[in-house]
Amino acid sequence: FGNFTTWNHSTRYYTQLADAFGKGQLYVDQSPGKAMLEAEDPYSPITRPVFEDEVWDLSLYKGRLYLYWGPMPALLITPLQILLDKKIADIFLVYFFSAGLLIFNSLIILKLRQKFFPNIPAWNVFICIPLIGLILPILWSINIPDVYEAAIGAGQFFLIGGFYFVLSAFEQDSFIDKQKLFWAGLFWACSVGSRAINTLSVIFLAAFVALWIIKILPKPVNWAKYLQTILPLFIPLVIGAIAIGWYNWARFDSPLEFGLRYQITIYNLNKQMDLVFKPDYFLPNLYGYILQPFEFVSKFPFIQPITGSNILNKLNLAPPYLYAAGRVTGLLFCAPFLVLSLIHLFPNRKKDLSDHAKPYNFPVYLLAGSFLISLLTLLFYFFGQMRFLVDTISQITLLAIIGYWELISRRQKRNSSPLKYFTGLANLLIVATICISFLLAFSSETSRMERLNPLLIERINNFLIK
């Protein structure tokens, strides 16, 4: 099943799509089988015939199989597979995008400190880098390196990369770097091209940047100069939207159809597509993603996530419509450090900051808006999964880090006992978040580590439990 140097236990969906792109086609070479093609309703999990595992979760349309996941990761590895004559499994994509996300988050952390909190002690900055890299659900996704995690990780990598470039574009107070805005637009287009559900978040981010530019330009606004400023941001976004629309139309005869409707899965989404997003899913998802605790077990890793659907069964509540949830632990329990993001809800907090702290409404509004839009999208979705929180985790963690630095800045100005206690508690929350995330990642969705490496788990248990 692989080790530190051999990574071969993973799905290969993007491998197949890259092969298809290399041949100049949009469908994968996998055959749905004669029985599936002749079935009265191939999308029905009740009446369709048995099919090969490789067909699972692919989208069947007019006799051919497609990926409903965004094509961007496959586009990146297509030339590599051709040049190296090797197949790149989805596990490598998960690692690449997770590592890239950590790099961008680290650069953002350093940039925020440099621009807004220059007098924060260095250790209060650098401890935030392992925090944002190891926080759940990042480790969770790395432990299940399949196509789902690859698509989600790619979407978040490009989304946060775009945020970094926007932050860099406004680094100088009197100058807006148009080249950085272009890179931001390109990355955000690639985010949607990897993860379609990021569309609303990208629309918000681009619109907010455009409005912010109006706010900071000298008055009266020179509209010709304004258009010249925002064009580099919107050109790649418009081109990306056209390209994605063409890609969908070429496959499914509709620019707005990504293929979810035609997915071969446990539901007949071809007939139940109107049930994918519903207000009825809001409360169970809200509980699962925010408030659901973990449970304790007698052996390593000592804590494990709880299956969301089981909670409803224990409460004798019928799941609404298609609703189902896998193993999930709410952010309040798996990442308690994130409560510091609530500091931004207090409007008068900045008057108590250190004199060295500068206003930073722009990044806070961008992060908060993106987080809320992504979270709301997940809350109305019919399927609850821990990996989906990757869509939101960088934004909320960066907000919590800024809140943490606000505490440090206040303490620099007023070294009172309550502020000492709150700062100490915040440091403990960092340690608790990293430890809980690490332990829950061992169990994750399928107890993959225990299943694939039982000897390791046994040795850890023998060492810890005597």
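Basis for what follows: all heavy atoms, side chains included, without hydrogens, waters or symmetry-related copies. We number each residue from 1, following the sequence as shown.
In this structure, a donor-acceptor pair under 3.5 Å is present between the side chains of Gln395 and Ser370. With hydrogens and angles left out, the side-chain atoms of Gln156 and Ser394 include a donor and acceptor closer than 3.5 Å. A donor and an acceptor atom, one from each side chain of Asp85 and Gln81, are nowhere located under 3.5 Å apart. Side chain to side chain, Ser374 and Thr392 fail the donor-acceptor criterion of an N or O pair below 3.5 Å. Side-chain atoms of Tyr404 and Asn124 include a donor-acceptor pair closer than 3.5 Å.
Between Phe333 and Phe294, the ring-plane angle classifies as perpendicular under the 30° and 60° cut-offs. Ring geometry for Phe104 versus Phe165: interplanar angle over 60°, hence perpendicular rather than tilted (30 to 60°). Below 30°, between 30° and 60°, or above 60°: for Phe170 and Phe362 the angle between ring planes is between 30° and 60°, a tilted geometry.
The closest donor-acceptor contact from the side chain of Ser444 to the backbone of Asn143 lies at 3.5 Å or more, if one exists at all. Under the 3.5 Å distance criterion, the side-chain polar atoms of Arg387 are left unmatched by any main-chain donor or acceptor of Ile144. Remark: side-chain polar atoms of Asp90 are paired, donor with acceptor, to backbone N or O of Tyr14 under 3.5 angstrom. Using a distance-only test at 3.5 Å, with no hydrogens or angles considered, no donor-acceptor pair links the side chain of Trp188 to the main chain of Val202. In this structure, Ser437 contributes its side chain and Leu136 its backbone to a donor-acceptor pair below 3.5 Å. Within the 3.5 Å criterion, the main-chain N or O of Glu257 finds no donor-acceptor partner in the side chain of Arg261. Using modelled atom types, one side-chain atom of Tyr43 and one backbone atom of Leu60 make a donor-acceptor pair closer than 3.5 Å. Remark: the backbone N or O of Tyr27 is not paired with any side-chain donor or acceptor of Arg251 at under 3.5 angstrom. Side chain of Asn453 to backbone of Leu456: a donor-acceptor contact under 3.5 angstrom is found. The main-chain N or O of Trp249 is never found under 3.5 Å from a side-chain atom of Ser254 such that the two would form a donor-acceptor pair.
In this structure, Tyr365 places its OH atom where only 12 or fewer heavy-atom neighbours from other residues, nucleotides or ligands lie under 6.0 Å away. Within 6.0 Å of the CH2 atom in Trp56, the count of heavy atoms belonging to other residues, nucleotides or ligands exceeds 12. Applying the 6.0 Å contact sphere to CD of Gln272 captures more than 12 heavy atoms from other residues, nucleotides or ligands.
When the options Leu275, Asn268, Asp280, Ile266 are evaluated for a side chain to side chain contact (heavy atoms under 4.5 Å, CB included) with Leu322, the one that passes is Leu275.
Considering OG1 of Thr199 and CD1 of Ile373, their distance stands at 11.5 Å, rounded to 0.5 Å. To the nearest 0.5 Å, atoms CG (Leu389) and SG (Cys334) are separated by 7.5 Å. One finds the CZ atom of Phe163 at 8.5 Å from the CG atom of Leu205 (value rounded to the nearest 0.5 Å).
At least one side-chain heavy atom of Trp405 sits less than 4.5 Å from a side-chain heavy atom of Leu112. Contact check for Phe175 versus Asp177: side-chain heavy atoms found under the 4.5 Å cut-off. Put simply, the side chain of Phe382 does not reach to within 4.5 Å of the side chain of Tyr323, judged on heavy atoms. A 4.5 Å side-chain heavy-atom check between Arg327 and Ile306 finds every atom pair outside the cut-off. Between Pro284 and Pro319, the closest side-chain pair of non-hydrogen atoms is not below 4.5 Å. Put simply, the side chain of Ile132 does not reach to within 4.5 Å of the side chain of Leu101, judged on heavy atoms. For the pair Ile303 and Glu295, the minimum side-chain heavy-atom distance is 4.5 Å or more. Two residues are said to be in side-chain contact when any heavy atoms from C-beta on lie closer than 4.5 Å; Gln30 and Glu52 meet this criterion.
Take Lys87 and apply the salt bridge (charged side-chain N to carboxylate O under 4.0 Å, His left out) test, not counting sequence neighbours, and it matches Asp19.
Summarising the geometry of Thr397 relative to Phe337, their closest heavy-atom pair is O-CE2, 4.5 Å, with the distance given to 0.1 Å.
Taking the centre of each ring, Phe187 and Phe158 come in below the 6.0 Å mark. Ring centroid separation for the pair Phe442 and Phe438 comes in under the 6.0 Å cut-off. Between Tyr61 and Tyr262, the gap from one ring centroid to the other is short of 6.0 Å.
Taking the charged nitrogens against the carboxylate oxygens, Lys115 and Glu171 have no contact shorter than 4.0 Å, which rules out a salt bridge. Using a cut-off of 4.0 Å between Lys/Arg side-chain N and Asp/Glu carboxylate O, Arg195 and Asp391 are scored as salt-bridged.
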Report task. Test Ile176 against Ile216 for side-chain contact (heavy atoms from CB on, under 4.5 Å), laying out the working first. Result -> CA-CA 10 Å; Ile176 300 173; Ile216 64 176; 3.8 Å; yes
Requested in this report: Starting from the C-alpha separation in whole Å, work towards a yes-or-no answer on side-chain hydrogen bond (donor to acceptor under 3.5 Å, both in side chains) for Tyr164 and Asn105.
Outcome: CA-CA 8 Å; Tyr164 167 76; Asn105 276 324; over 6 Å; no
Distance-only donor-acceptor pairs under 3.5 Å for side chains of residues 145-153, two or more places apart:
| unit_1 | atom_1 | unit_2 | atom_2 | d |
| --- | --- | --- | --- | --- |
| Asp146 | OD1 | Thr11 | N | 3.4 |
| Tyr148 | OH | Asp57 | OD2 | 2.5 |
| Glu149 | OE1 | Asp146 | N | 3.2 |

